[in-house]
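Step one of this worksheet: look at the structure below.
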Protein chains: 2
Amino acid sequence: MKHITIKDVARRLNVSISTVSRAFNNKYDIRKETRTKILQVAEEMGYRPNPIARKLIQQKTFNVGVVVPEFINSYFPEVIIGIQEILHKQGYQVLVMQSNECYTTELINIKTLEDNMVDGMIISLSQEIHNNDYYLNLLEKGYPVVFFNRVDEDIPASKVVFDDYKWAYFATEHLVKQGYKKIYHLSGYQHLNLSQNRIRGYRKALDKFSVPYTSEYIIETGFYMEEGQAIMKKLLEEGNIPEAVFATNDTVAIGAMKAIKKARLKIPKDIALVGFTESKMADIVDPPLTSVSQPTFEMGRKAAELLLRQISSDGFAAPETVVLNGRLNVRDSSRKGLR
Amino acid sequence: MKHITIKDVARRLNVSISTVSRAFNNKYDIRKETRTKILQVAEEMGYRPNPIARKLIQQKTFNVGVVVPEFINSYFPEVIIGIQEILHKQGYQVLVMQSNECYTTELINIKTLEDNMVDGMIISLSQEIHNNDYYLNLLEKGYPVVFFNRVDEDIPASKVVFDDYKWAYFATEHLVKQGYKKIYHLSGYQHLNLSQNRIRGYRKALDKFSVPYTSEYIIETGFYMEEGQAIMKKLLEEGNIPEAVFATNDTVAIGAMKAIKKARLKIPKDIALVGFTESKMADIVDPPLTSVSQPTFEMGRKAAELLLRQISSDGFAAPETVVLNGRLNVRDSSRKGLR
DNA sequence: AAAGTTTTCGGAAACGCTTTCGGTAACGTT
DNA sequence: AACGTTACCGAAAGCGTTTCCGAAAACTTT
């Protein structure tokens, strides 16, 4: 476990450690031949500079922290891959932590990352109600932070978000244009910006085409399959049978799908279904699920780029917000007139 | 971005930095009152010891590295959650890196982790053919390393694996007992231990019940949906229609399912299907897919425990291998006599 | 050939902490 | 009253680097 240090290399070559350091950092005040000689011998000896010591003195770690609510679903992993793609290229390492949708854990994670002197953070908020103070404080200190997907409008930081409003509108519009009337919306946690925006999009579409609805058509379900299934089951048992359902994500939509199938109703004949935040599941369920796909990898890449900009400007670049577009993938679950 | 250091706290209280350090490390040679006083003031000042400096001097980072091939599918993320569950409790941070199934990236990741002085690593090998030298070297140096899922039998390290042989046997046996005869196996990359074991299990079951098969029944497909679909399509076009298929994982099985459905054949009436390494998809496809579920979280927890044991014994504990059991979840995709 | 420049290098401080060593004060012991 | 113990604390070395400062060596210039 003994590491070879800069001293070993220096001694071996009868030079000072400063010189070895210079060779590795490609400084101007070193002779070309000395440099190549040092690098060559160091390589032979298997010497690699200790990043910990380097971090300590440089006050720069080339690490960035990423905090996400979970990574069981493929959504966040895909974003993370996008993030890594950009950051690895610039020599950064990415530390991934998950908050398990818990605000307290989220804070602990952030403090850990801070203690470990990450050069910046990319955060997606947990679904719990939260207090912004710590984030505001972080930003005031000039700490580079970028939020994505789950953001809070009251935090003046760079953000990259999906245009939930617009695409919820399109998803709903699609159902309207197919001729469905009684259109329900299974919404995510309604204190989340993203849910509010989807609800707004849903309302906007119905309003525009003068499709009647009541506030009871909008039901808060959270983000899990069981919730979608339970709510749908309840609706059916109550005899409240929608013609179509627009769910806040695929998972909830598929939960609803299960309930509908169990009730021996047909999709889309009896009830049409549209998901959101398309997952791989959309294409393998039966019938295939209409959904709105998000550019997850792109979201990660954009977040990383914004962060790099913050970092290189010492955290005093003006915050930017990037809004990403998606695509509506129409599949059988919402095609009027299928069997 | 200016951090409060131990010096600031010391100056404020008119004590030496050693004393502050002692307070934080709960050493014996400090008076109780001094300690509580220091802790209190430090808390007020917002001081937290700098982990980087601590790592440098202690030669111990309380970080462990995890290298997985990917985390798009839920399998590895679940294992990672299990790992974190154990390690966080012991004050360790977990750094996750992915090799993208590429051996070169895997090595780079490992070196990065090594440079960052992680106290140990938990690794699942990429599917590329690899050379063991670097791992052997690591182990020789006494570096704590645990492998899981994708292991190599020639590396004498602690491992936690699934009993692929046994459960491939059970999966196949199930098909046999349902009365299917012409049973194909879509195998993963055959140089992987895990694939070989599954093939052995498959053969064993057929041999035991004297169900005839040829080597052509075993087809290497890799791990992706497209591959399962392509192979199945080819089989059907060639008129080589199996009565049942045992696939190396759910993804491949579902790929096959797609091909079968496209050919307008019925599952399980025309072709029965069994997956492996059960994913959430098993329960949402139509018909639901029979599969073997693995205790992913448990696998992570076990790997973490083995690693902790290696770490605390200075890397000279004898390597242990833990073999985990699974469960066969029979669903409609393999029930003989369904419509 | 002396002086001024530039190139190249070594010494030493610093990053923020832990830990060893030694010292002082307070106490008990004879 | 002299000594040994114990409890507590400070000084300083050290972890492996980078970087500032100054000096020697090598060139240029006059």
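Here the structure is a predicted model, which means the values were calculated and not measured. Letters go in sequence order (proteins before strands), and every chain restarts at 1.
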Which listed nucleotide (C:dC17, C:dT19, D:dT17) is nearest to the side chain of B:K27? C:dT19
Specify the separation, in whole Å, of atom [atom1] of [X] and atom [atom2] of [N].
X	N	atom1	atom2	answer
B:I6	C:dT18	CD1	P	5 Å
B:K60	D:dG16	NZ	C1'	20 Å
B:F62	C:dT18	CZ	C1'	14 Å
B:I4	C:dC17	CD1	C1'	16 Å
A:N25	D:dG16	CG	P	17 Å

Distance (rounded to the nearest 0.5 Å) between B:R22 CZ and B:R35 CZ: 13.0 Å
Going by the rule salt bridge (charged side-chain N to carboxylate O under 4.0 Å, His left out), which residues pair with [X] if we only count those two or more places apart in sequence or in a different chain?
X	result
B:K302	B:E298, B:E305
A:E320	A:R309
B:K60	B:D119

Under the rule for side-chain contact (heavy atoms from CB on, under 4.5 Å), what residues qualify as partners of B:S21, not counting sequence neighbours? B:I6, B:N25
The criterion is side-chain contact (heavy atoms from CB on, under 4.5 Å); which residues satisfy it with B:E33, sequence neighbours excluded? B:R31
Would you list the pairs meeting salt bridge (Lys or Arg N to Asp or Glu O under 4.0 Å) in which at least one residue belongs to residues 147-156 of chain A, sequence neighbours left out? A:E101-A:R150
Going by salt bridge (Lys or Arg N to Asp or Glu O under 4.0 Å), name the pairs with one or both residues in residues 62-73 of chain A, residues two or more places apart or in two chains. none
When the rotation axes relating C1' atoms of four end pairs to the next four are compared across the helix from C:dA1-D:dT30 to C:dT30-D:dA1, five pairs an end, they differ to 10° by 60°
In the 5'-to-3' direction, what one-character label does each nucleotide of nucleotides 8-15 of chain D receive under the scheme B = base within less than 4.0 Å of a protein heavy atom, S = sugar-phosphate only, - = no such atom? BBBBB-BB
Assign B:F24 to base, sugar-phosphate, or nothing according to its heavy-atom contacts below 4.0 angstrom with the strands shown. nothing
